[in-house]
There are 2 protein chains.
Amino acid sequence: MSTIYIPKHIRPMHESLTNSDCALFHDMTNVERDSLEGIADQTKCNAGDYLFRQNAPSDNVYNVITGTVAIERVSNNGRRQVLGFLFPGDYLGVTNAPHYDCAVRSLTKTEVYKFNRKRLYSLADELPHLKTNIAEVSSRIFCRILDQLYILGQKKAHERLCFLFIQLLERLPGARPDRIELYMTRQDMADYLGLTIETVSRSLAKLKADGLIAFTQLNVLQIVDLPKVSEMADI
Amino acid sequence: MSTIYIPKHIRPMHESLTNSDCALFHDMTNVERDSLEGIADQTKCNAGDYLFRQNAPSDNVYNVITGTVAIERVSNNGRRQVLGFLFPGDYLGVTNAPHYDCAVRSLTKTEVYKFNRKRLYSLADELPHLKTNIAEVSSRIFCRILDQLYILGQKKAHERLCFLFIQLLERLPGARPDRIELYMTRQDMADYLGLTIETVSRSLAKLKADGLIAFTQLNVLQIVDLPKVSEMADI
DNA sequence: CGCTACATTGACAGCGTTCAAGGTAAGTGG
DNA sequence: CCACTTACCTTGAACGCTGTCAATGTAGCG
């Protein structure tokens, strides 16, 4: 039973998160969950705000409650690479380095839980399940990066877009083949997939013309031919 | 003082490894080092052999003693992506997933230390430094993957090659600007950099013609203009 | 209405892939 | 020692995808 104060309009963390990456609470007892909730602060930010910047001290681990964020990395010469999009349930800032090696920008209004990393990691020393779960979260993040690496190394523009769509379908809460809301701009997609915005636009047009996808609105996608889209995305 | 048996032609692990990634022993006492060495088996394999295959159970963590290996991933449609090259001191098989999501092939005769992962991780529960060091190793692996991701997303062919050269210069033991031995084939480079073998060949010719690099032998590279090569590789 | 930000489309050039031919080096067997 | 094989690498030519530059279209907002 929880003893800490929770504003009544907020559901306990382990009930409000639906994504499969919501793993910190996995296998934990209620008492353990309460201690984990005890070190979490809830914060909000608006579309366009940065949760943290590249090279800032990596003080916190975050867990997305609502909204979508983009992880991005900018190099000396100004080129930007988006390393991933994160959704409710996803974790960010899970690193052992003293500074973040990337920035996190919110694409929508976003609510997150913020864990002080030192406190989280020392709590993990007491709660074996938590330690396992942190490792599990890291492992999943790593697997996704490997997928993206493969896509960037081996796939053509329209295949990369299909990969993104399948990822959204699998990970974005509420996404269905007939309705996937794209919270990111074309530029964000381009920077994620290693393309230009024009190529993204043209590839979308091609996929549309071929009857694989459709747009009900500018940013609402429909996957018309899921088997073919899956096949093109296949890693 | 070491009490376990070490064949006399083999130097203790923590003395034989020079790479900066040799981090498992960092900050450990001699007693701690001995217990870590106690769970290590030494094995060898020939060029072309696989240390482990994609989807095999992830039973072991390896540490390269001598030689060079390539981490690779093959997809359903047969396209191959090389995820990295590893050198003496580097670790591989560091994952929390029950199966390896990639294969590891040796490019040369290779000696490795093999740690049973369960034993390594339970030993880490007793030795705080070891746990920290494992996390540190994971973190470095992750950072390198992010670098590669950026390269694949944003760089042109000749820039990607410069990136590889700088990586080799920094990480391959014995590499100097005027002599870098390339243990991998052109095809391996291509699969690492997301290019075709022909593009690799042509880009090498271009870099040579521009006076940035030279070849003393087919597989022995010389970086002639290090500042320019570094600049092109810049992440 | 006009402003702004974002997205699409067109024309064209260039980079990288593809297909094909030729070259190089090491190893094998007569 | 030399022809032959094999694996790897280089080079050429043509094609096509993607990037670049520029213009146009669209949606939201004051």
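The basis for the numbers below is simple: all heavy atoms, side chains too, and nothing from hydrogens, waters or symmetry mates. Below, read A as the first sequence line, B as the second, and so on, with proteins coming before strands; counting in each chain starts at 1. All of these numbers come straight from a predicted model, not from anything done at the bench.
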Atom-pair distance (CZ on A/F215; C1' on C/dT8), nearest Å: 12 Å
How close or far is atom C1' of C/dC6 from atom OH of A/Y183, stated in whole angstroms? 18 Å
Map A/A157 and A/L218 onto DNA chain D by nearest heavy atom, then report which one ends up closer to the 5' terminus. A/A157
Which class fits the ring pair B/F52 and B/Y100: parallel under 30°, tilted 30 to 60°, perpendicular over 60°? parallel
Would you say A/S201 reaches C/dT8's phosphate, i.e. side-chain N/O to OP1/OP2 under 4.0 Å? yes
A/T196 side chain N/O closer than 4.0 Å to the phosphate oxygens (OP1, OP2) of D/dG19? yes
So does B/D147 pair up with A/R73, basic N to acidic O under 4.0 Å? yes
Please state how far atom CG in B/L207 lies from atom P in C/dC15, giving the value in whole angstrom units. 13 Å
Specify the closest pair of heavy atoms between B/V82 and B/Q148, including all atoms of both residues, with the distance to one decimal. O-NE2, 3.2 Å
In whole Å, what is the span from the NZ atom of A/K206 to the C1' atom of D/dT18? 14 Å
Sugar-phosphate only, base, or nothing, as touched by B/T185 at under 4.0 Å among non-hydrogen atoms: sugar-phosphate
The complete set of ring-ring contact (aromatic ring centres under 6.0 Å, His included) pairs with one or both residues in residues 178-226 of chain A, sequence neighbours excluded, reads A/F85-A/Y192
Answer with yes or no whether B/E198 presents, from its side chain, a donor or acceptor under 3.5 Å of a partner atom in the base of D/dC9. no
Give me the atom names and distance for the closest heavy-atom approach of A/A97 to B/S139. N-OG, 3.7 Å
Expressed as a whole number of angstroms, how long is the span from B/D188:CG to D/dA7:C1'? 13 Å
Comparing nearest nucleotides in DNA chain C, the 5'-proximal residue of the pair B/T199, A/T199 is A/T199
Whole Å only: how far is the CE atom of A/M184 from the P atom of C/dC6? 15 Å
Side chain of B/R202, base of C/dT18: donor and acceptor closer than 3.5 Å? yes
When you measure from the side chain of B/L195, which nucleotide among C/dC19, C/dT17, D/dA22 comes out closest? C/dT17
For the helix from C/dC1-D/dG30 to C/dG30-D/dC1, measure the angle between the helix axis at one end and the axis at the other, each built from five pairs, rounding to 10°. 20°
Tell me: CZ of A/R79 to C1' of D/dG19, nearest whole Å? 12 Å
What is the distance, to the nearest angstrom, from the NZ atom on B/K208 to the P atom on D/dT10? 7 Å
Out of curiosity, B/L120 CG to B/Y91 OH, how far, rounded to the nearest 0.5 Å? 8.5 Å
Under the rule for side chain to side chain contact (heavy atoms under 4.5 Å, CB included), what residues qualify as partners of A/E159, not counting sequence neighbours? A/K155, A/K156, A/M232, B/R79
